[in-house]
Every structure is written in structure tokens, then in C-alpha cells.
Amino acid sequence: MTTDRIPVIPRGVRRHHDAVRGREVLLGPERALMLDDTAVAILAAVDGTRSLGDIAGHLSAAYNAPRDVIEPDVVAFLDGLADQMLIAYA
Amino acid sequence: MPDTSHTLIQPPIAMLAELTHRCPLACPYCSNPLEMTQKGAELDTDTWLRAFREAAEMGVLQIHLSGGEPVSRRDIVDLARGAREAGLYVNLITSGIGLTEKRLQALEPFVDHIQLSLQGITAAVADRIGGYDGGFDRKMHVAELIGQMGFPLTLNAVMHRHNLDDLPATLDMALRLGARRIEIACVQFQGWALKNRAMLQPSRDQVNEAKRIVAEARKALKGRLAIDFVPPDYYADYPKACMGGGWGSTGLNIAPDGKVLPCHAAETIPSLTFQTIAEASLRDIWYDSPAFNAFRGTDWMPDLCKTCDRRDIDFGGCRCQAMAIAGDPAATDPVCRKSPHRALVDAALDIDVVDGPQPEFIYRRL
Ligand code: SF4
């Protein structure tokens with residue numbers, strides 16, 4: 001699978017700050033996923049224009065981390081959400 | 001005594017709000033109790049809105065607006081708005097009957113997602129199950145509107161002997177309607193479904209075929225349609241987990257009259273007393289009421305479950321099913337192969353499936 005696919009957060013899925021648990025969550029149909037810091041950073045970079053590769057590059061620059069380490073994590077995380085229909089590819 | 005200190009009990013994640021028991025359909029597997037609440041005894045708008053706020057404040061993230069048919073409530077738009085304003089993810093669980101384009105538009109800003117029930121994929125089957133002539137055509141019309149508006153949609157296909165063979169066509173319908181998810185929910189035998197078990201119980205062949213079709217479709221439709229499959233548990237070796245994570249662990253339920261329940265069938269357990277949201281706060285009921293603490297943790301379990309390596313997977317199974325079949329809500333779920341009551345489940349399968357069904361449905365009517 002290529003990294004030029006562009007992920008989008010589809011309608012019906014949204015991020016939410018859970019004040020009771022002090023965490024960020026991703027809410028979708030029958031789903032409430034507690035997000036860790038990495039997941040929050042990846043989802044924040046999903047803007048409907050960046051490709052998977054762009055997101056990896058963006059995070060690599062922002063966190064000063066090697067891109068070849070970050071990219072597989074980005075792809076695996078977003079593909080995992082796509083399998084649950086919580087991410088769509090444009 | 002179970003430990004009821006708040007540090008051990010997690011806040012709930014989801015709440016099912018059964019806004020009303022009124023419904024134009026009469027499905028013989030309805031999960032509502034046999035004794036239903038009349039319109040006059042339903043909670044009013046303000047009480048529901050308070051319950052939504054209390055729920056959000058204690059950690060509930062998702063609300064399911066359900067019934068009965070939730071759009072039978074004239075205040076459904078106000079209720080959806082209140083739930084959304086409380087900060088909840090709003091899921092509307094509906095048959096579609098009673099939804100118009102105007103009403104859908106009014107709901108659109110507040111409802112995150114619609115879950116549309118499906119009684120069958122042809123008018124002949126669907127209207128027979130729903131006990132409502134013309135219901136299928138009206139539902140299809142609403143489904144089209146939902147699709148045109150781009151509303152996120154899950155189809156909830158309740159499956160049993162009379163429609164399980166239509167599973168491939170049911171999946172096709174989900175794709176055609178633009179649903180992103182489908183729940184293939186085989187009937188669970190509580191409430192009305194238990195009364196109609198002999199009419200509804202699928203055969204073993206039907207169940208095996210359905211499992212095969214689901215496994216293939218999950219692969220073929222990856223990224224297009226998410227498929228949740230709830231198999232019929234009488235054919236299983238081990239029970240389903242009670243409410244996903246155990247009794248009083250992740251979800252709660254408010255009945256139309258305000259009774260707060262650990263699950264929709266909990267009132268079938270006669271030894272438990274349930275408080276209403278008029279009597280106590282949701283928080284007090286969740287953390288401190290005897291009913292919510294009755295089956296938390298492992299202290300209540302029979303030794304069979306306490307010492308079992310699946311103890312933290314299924315939590316001893318369904319308390320209401322233990323009540324219904326074994327007559328004891330603290331028994332191991334009789335579906336479990338290790339249960340001393342498993343023979344009752346096998347006998348029921350023989351009577352219902354081998355000896356053939358009863359002549360007609362007993363419809364759910366208020
Ligand atoms: S013995 Fe109890 S815990 Fe073990 S599988 Fe059966 S129901 Fe589950």
C-alpha cells in the first residue's frame with residue numbers, strides 16, 4: 001500500500017476531550033477509543049489534505065524524530081482505524 | 001460484601017436511554033420488557049435533559065437514544081439537542097418509521113449517527129416481523145433520505161430463523177444504502193424474544209453458514225463496510241460477556257419511567273430493586289446502589305467461574321440468562337459448556353429447532 005493516500009476523519013467520527021478521565025478520545029459509532037499522545041498527534045495532523053507520507057514528514061519535523069521510524073507507525077495506526085471505518089481515504 | 005470504593009469502579013462509557021416504549025412496530029424479539037411503560041408514566045423532557053447532563057458529568061461519552069421508537073417522542077429534537085449540548089456523542093436508534101425529511105433536518109445538527117433497524121430485506125418478511133403493513137417501504141424511503149443527507153449510518157439487522165438465509169442480500173443492502181457499518185445481531189433470548197424462541201431460533205446449519213459468510217465478507221469488504229456479528233449464543237460453547245466488560249462496568253440503561261438499570265433486561269431479576277433518577281442521582285445509583293453492586297467483581301460468582309481461566313473474559317456470562325434458564329441470577333450462564341444447567345439449553349434447542357416452531361408469533365404490543 002502506498003503512502004500517498006490521504007486520510008480523512010469521516011462524518012460521525014470526532015475527537016473529544018474527556019474531562020472526567022483527563023484524556024483525549026476518538027468517538028464514532030459504537031466506539032470510544034482512548035488516545036495516547038502519539039495517537040493525538042497523528043490525528044491532529046489528519047487535515048484532509050496531507051497524505052500518509054506528508055503526515056509522517058510533518059511529525060518527523062515537529063518531534064525531531066527519524067521519519068523511517070515514524071512512517072510505519074502512522075500507516076499502521078490510521079489503517080487500523082480505517083478497518084473500523086473510523087478513518088476514510090480520500 | 002463487594003468493594004464499592006469509587007477508586008475500583010470505573011465511570012460508565014455509554015448510556016442507553018429508552019425514551020419510550022411506544023413503537024409503531026411490534027417485533028416479536030423486542031428487547032423491551034414484557035411489562036411496558038404507558039405514555040403517561042414516561043419521564044418528561046426536563047428530567048431526561050438532567051439525566052443526560054448527569055451522565056456526561058460522571059464520564060458517559062456516548063448516548064443511545066432508543067425505545068421503543070424514540071421518534072415517537074414529540075420532544076425528540078429537544079432531547080437530541082440536550083444530549084449533544086451536554087457533550088455526548090448522540091446515536092439515534094430507530095426503525096425509521098415516523099422520520100420525515102423535515103424531522104431529519106431538525107435532528108441533523110445534534111445527532112452524530114443513526115442506527116437503523118432492519119427486520120428483513122423484503123416487504124414480505126420485514127412487515128411480517130414488524131407486524132406493520134407498509135413499514136418496509138416507509139423505512140426504505142427514510143433510508144434513502146438518510147443517505148442523501150450524508151448521515152453516518154449503521155444498519156442493525158436482527159437475524160433469526162426467518163431471515164438468516166438472506167444474510168448476503170442483507171450485506172448488499174447495507175452497501176447500497178451507503179451504511180459504513182452493519183450489525184448482524186442474532187436474536188438474544190430475553191424479553192419478547194424468549195416468548196417467541198421456538199419461532200426464532202435458527203438451525204445449526206444456518207448459524208454455521210452465517211459465520212462463514214461473515215468471515216468472508218469481513219475480508220472482502222474491508223475498508224468499505226465494518227461488520228459486527230453477534231452470534232446466537234445457544235450454539236456457543238461459552239457465554240458472551242455481560243455488557244461487554246461485566247455488570248455495572250461500562251454501561252447503564254434508563255427505562256422510560258426513569259428506572260436506572262445495569263442492562264435492558266435487568267428487571268427480570270426479581271431480587272433486585274432499581275432506583276429511578278427521580279429518587280437518586282445517577283452517580284449515587286452507579287457507584288452505591290445494591291443493584292449495580294450485586295454482580296460487580298468476582299465475589300458473587302459460583303466457584304466454577306471464580307476459578308475458571310475465562311473469568312475475566314466473559315465474567316460468568318449473562319445474569320439475566322442465568323435467571324431465565326437456571327432460575328438463579330448468580331448461577332453460571334447456562335450457555336457455558338461447564339454449567340450444570342447446559343442440558344436445559346440443549347433441550348431447548350431440541351424442542352425449538354428439531355421439533356419445529358410454534359404456529360405464530362406473539363407480537364410485542366404495549
Ligand atoms: S465457567 Fe464461568 S467464567 Fe468459565 S467460561 Fe463458563 S461462564 Fe465463563
Side-chain angles (χ1 to χ4, degrees), chain A residues 1-37 39-40 42-44 46-48 50-53 55 71-90, chain B residues 6 10-16 54-64 84 86-93 108-109 111-116 146 149-156 174 178-183 185 218-219 221-228 230 244-245 250-251 283 286:
Chain A
M1 288 286 231
T2 60
T3 54
D4 58 6
R5 293 172 294 146
I6 297 173
V8 292
I9 297 177
R11 183 168 159 191
V13 180
R14 55 189 172 87
R15 276 178 54 197
H16 174 78
H17 177 70
D18 178 348
V20 172
R21 296 172 189 81
R23 296 191 70 162
E24 295 298 311
V25 289
L26 188 67
L27 299 177
E30 297 286 334
R31 295 282 185 278
L33 297 183
M34 305 287 160
L35 303 172
D36 60 19
D37 291 346
V40 169
I42 295 174
L43 285 171
V46 172
D47 63 0
R50 289 191 183 106
S51 68
L52 291 171
I55 291 169
E71 192 164 280
D73 287 349
V74 168
V75 174
F77 174 67
L78 292 174
D79 277 353
L81 293 182
D83 285 350
Q84 304 175 60
M85 304 297 287
L86 297 173
I87 280 284
Y89 286 109
Chain B
H6 293 194
Q10 299 297 317
I13 292 171
M15 183 163 96
L16 181 74
E54 283 188 27
E57 278 161 20
M58 70 184 290
V60 170
L61 297 171
Q62 296 214 345
I63 181 117
H64 306 291
R84 186 64 181 264
L88 298 164
Y89 183 97
V90 180
N91 179 29
L92 180 69
I93 302 180
E108 196 173 11
V111 171
D112 283 284
H113 169 260
I114 292 181
Q115 190 171 316
L116 187 70
I146 291 169
M149 293 172 75
F151 242 123
L153 172 67
T154 291
L155 275 195
N156 180 20
R180 293 209 300 259
R181 281 181 72 246
I182 185 167
E183 291 179 8
R218 276 194 177 137
K219 271 188 237 151
L221 301 176
K222 213 178 168 89
R224 288 172 67 202
L225 184 69
I227 304 173
D228 276 4
V230 184
T250 55
R283 179 180 293 274
W286 175 260

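Just the heavy atoms: all of them, side chains too, but no hydrogens, waters or symmetry mates, feed the values below. Protein chains get the first letters and strands the later ones, always in sequence-line order, with residue 1 at the start of each.
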Within 6.0 angstrom of A/Asp36 CG, more than 12 heavy atoms from elsewhere
yes
For B/Ala56, is it the side chain, the backbone, both or neither that has a heavy atom under 4.5 Å from a heavy atom of chain A?
backbone
Distance col, row A/Glu30:CD vs B/Gln62:CD, nearest 0.5 angstrom, shows 6.5 Å
May I ask you to decide whether B/Asp228 forms a salt bridge with A/Arg31, counting only side-chain N to carboxylate O separations under 4.0 Å?
yes
CG/A/Leu27 to CG/B/Asp112 distance, rounded to the nearest 0.5 angstrom?
8.0 Å
Side-chain contact test, heavy atoms from C-beta onward, threshold under 4.5 Å: evaluate it for B/Lys222 versus A/Asp79 and give yes or no.
no
Contacting region of B/Arg224 [heavy-atom separation from chain A under 4.5 Å]:
backbone
Passes side chain to side chain contact (heavy atoms under 4.5 Å, CB included), A/His16 versus B/Leu88? Steps please.
CA-CA 9 Å; A/His16 174 78; B/Leu88 298 164; over 6 Å; no
Tell me whether B/Arg181 contacts the main-chain N or O of A/Met85 through its side chain, where contact means a donor paired with an acceptor under 3.5 Å.
no
Between B/Tyr89 and A/Gly12, is there a donor-acceptor pair closer than 3.5 Å when you use the side chain of the first and the backbone of the second?
yes
Best-contacting candidate, B/Ile13, B/Asn91, B/Thr154, against chain A by heavy atom pairs under 4.5 angstrom:
B/Ile13
Between A/Pro29 and B/Gln115, is there a side-chain heavy-atom distance shorter than 4.5 Å?
no
Flag side-chain contact, heavy atom, 4.5 Å: A/Val13 against B/Arg180:
yes
Out of B/Ala226, B/Gly59, B/Ala14, which one racks up the most heavy-atom pairs below 4.5 Å with chain A?
B/Gly59
Could A/Arg11 and B/Glu108 be called an ion pair, given the rule that one side-chain N must be under 4.0 Å from one carboxylate O?
yes
Does any heavy atom of chain A fall under 4.5 Å from the side chain of B/Leu153, the backbone, both, or neither of them?
neither
